[in-house]
Amino acid sequence: MNEFVINTLLSDLDSSIEEVKEHNKLVEISVLGGSSVENDIETVMQRLSKNGVPFVKAYIIGDEDPWCSLLWLEDNIVHYEELSGVIYENISECDESELDIYEDLREAKEKGPNLYFNDKFNSWKEGLEPCNLSAIKSEIESIINYSEF
């Protein structure tokens with residue numbers, strides 16, 4: 001599977017591939033970021049799906065303020081969940097009546113950063129237990145700490 005992934009699915013990307021690991025039926029690809037990394041990851045996810053891989057997920061970690069994107073493929077469509085402490089900055093600037101105008105603000109306020117971000121992460125990571133998720137877990141913890149209010 002590794003050779004197929006490297007030679008077929010990753011060969012024409014703009015991003016630098018750092019590492020490809022295989023865990024039974026899971027393939028873990030580490031990519032060095034750049035301006036096209038989000039497009040490249042989406043392309044790889046769609047290629048994997050078209051080549052019969054039934055379970056495709058990815059994450060992107062920010063390099064400045066703590067943030068990340070959790071990505072998954074469902075019905076050949078890439079879905080994103082952006083996690084960032086900015087949501088709590090927005091909450092602090094809103095009055096109660098504005099919380100329902102923007103998606104997730106009320107839920108984030110009611111749950112607080114720890115529960116809000118961990119719920120999203122735990123839902124996304126289902127099925128990825130064989131992979132080392134310490135980097136993304138560390139980023140989630142940084143986002144929670146950044147968001148504490």
Side-chain angles (χ1 to χ4, degrees), residues 1-91 101-149:
M1 177 67 128
N2 274 356
E3 260 184 60
F4 170 74
V5 169
I6 293 169
N7 296 331
T8 307
L9 303 179
L10 305 177
S11 61
D12 63 342
L13 301 180
D14 292 331
S15 298
S16 267
I17 306 304
E18 291 186 320
E19 187 174 31
V20 178
K21 295 181 188 174
E22 195 167 345
H23 309 276
N24 295 325
K25 293 183 179 185
L26 294 177
V27 177
E28 180 180 354
I29 303 167
S30 299
V31 180
L32 184 62
S35 60
S36 63
V37 72
E38 290 181 30
N39 292 334
D40 284 348
I41 289 174
E42 191 170 321
T43 297
V44 169
M45 292 176 74
Q46 290 170 335
R47 287 177 181 174
L48 286 167
S49 178
K50 287 178 184 171
N51 282 279
V53 177
F55 180 77
V56 181
K57 294 186 178 184
Y59 68 85
I60 301 170
I61 294 175
D63 59 351
E64 293 176 12
D65 289 339
W67 68 269
C68 67
S69 293
L70 305 176
L71 300 89
W72 65 97
L73 200 66
E74 193 174 292
D75 299 324
N76 291 322
I77 298 171
V78 176
H79 298 272
Y80 293 82
E81 183 76 62
E82 299 286 334
L83 303 183
S84 166
V86 171
I87 193 168
Y88 286 96
E89 291 174 13
N90 293 339
I91 288 170
I101 295 173
Y102 303 100
E103 185 178 347
D104 291 342
L105 287 183
R106 183 166 303 282
E107 177 189 4
K109 182 177 181 181
E110 289 172 356
K111 287 185 173 183
N114 190 32
L115 184 57
Y116 178 74
F117 292 123
N118 276 311
D119 278 356
K120 291 183 179 298
F121 173 68
N122 290 333
S123 175
W124 172 85
K125 76 174 187 175
E126 289 178 14
L128 296 176
E129 287 74 15
C131 296
N132 179 356
L133 299 175
S134 60
I136 185 66
K137 184 62 181 161
S138 177
E139 190 70 10
I140 298 291
E141 289 170 10
S142 294
I143 293 167
I144 291 167
N145 291 335
Y146 180 86
S147 303
E148 299 272 297
F149 60 95

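Given the structure is predicted, the values throughout are model-derived calculations rather than measurements.
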Please report the interatomic distance CG(D40) to CZ(R47), rounded to the nearest 0.5 Å.
8.5 Å
Applying side-chain hydrogen bond (donor to acceptor under 3.5 Å, both in side chains) to Q46 and not counting sequence neighbours gives none
Angle class for the H79/W72 ring planes (parallel below 30°, perpendicular above 60°, tilted otherwise)?
parallel
Measuring only between side-chain heavy atoms, which start at C-beta, is I136 closer than 4.5 Å to C68?
yes
Restricting to non-hydrogen atoms, name the atom on A108 and the atom on I91 that form the minimum distance, rounded to 0.1 Å.
CB-CD1, 3.7 Å
Heavy-atom pair of closest approach, residues Y59 and I41:
O-CD1, 4.5 Å
Between S138 (side chain) and S134 (backbone), is there a donor-acceptor pair under 3.5 Å?
no
Rounded distance [0.5 Å steps], CD1 in I61 versus CG in L70
9.5 Å
Over all heavy atoms of both residues, which pair between G85 and S147 is shortest? Give the atoms and the distance, please.
CA-OG, 3.0 Å
Show your working on side-chain contact (heavy atoms from CB on, under 4.5 Å) between F55 and E126 and close with a plain yes or no.
CA-CA 11 Å; F55 180 77; E126 289 178 14; over 6 Å; no
Looking at residues at least two apart in the chain, or sitting in another chain, which of them share a salt bridge (charged side-chain N to carboxylate O under 4.0 Å, His left out) with K120?
E81, D104
Nearest heavy-atom contact between L133 and K125 is CD1-CB, 3.9 Å
Partners of K137 by salt bridge (charged side-chain N to carboxylate O under 4.0 Å, His left out), sequence neighbours excluded?
none
Any chance you could measure K111, atom NZ, to D119, atom CG, to the nearest 0.5 Å?
4.0 Å
CD1 of I140 to CG of L83, rounded to nearest 0.5 Å, is 4.5 Å
What's the spacing between N114 CG and I143 CD1 if we round to 0.5 Å?
12.5 Å
Who are the side-chain hydrogen bond (donor to acceptor under 3.5 Å, both in side chains) partners of E42, not counting sequence neighbours?
Y80
What residues form a ring-ring contact (aromatic ring centres under 6.0 Å, His included) with W67, not counting sequence neighbours?
none
Looking only at heavy atoms, which two atoms of W124 and A58 are closest? And how far apart?
CZ2-O, 3.2 Å
Should Y88 and F117 be marked as a side-chain contact (heavy atoms from CB on, under 4.5 Å) after you check the CA-CA gap, both sets of side-chain angles, and the distance that decides it?
CA-CA 11 Å; Y88 286 96; F117 292 123; 3.6 Å; yes
Listed partners of S49 passing side-chain hydrogen bond (donor to acceptor under 3.5 Å, both in side chains), at least two apart
N76
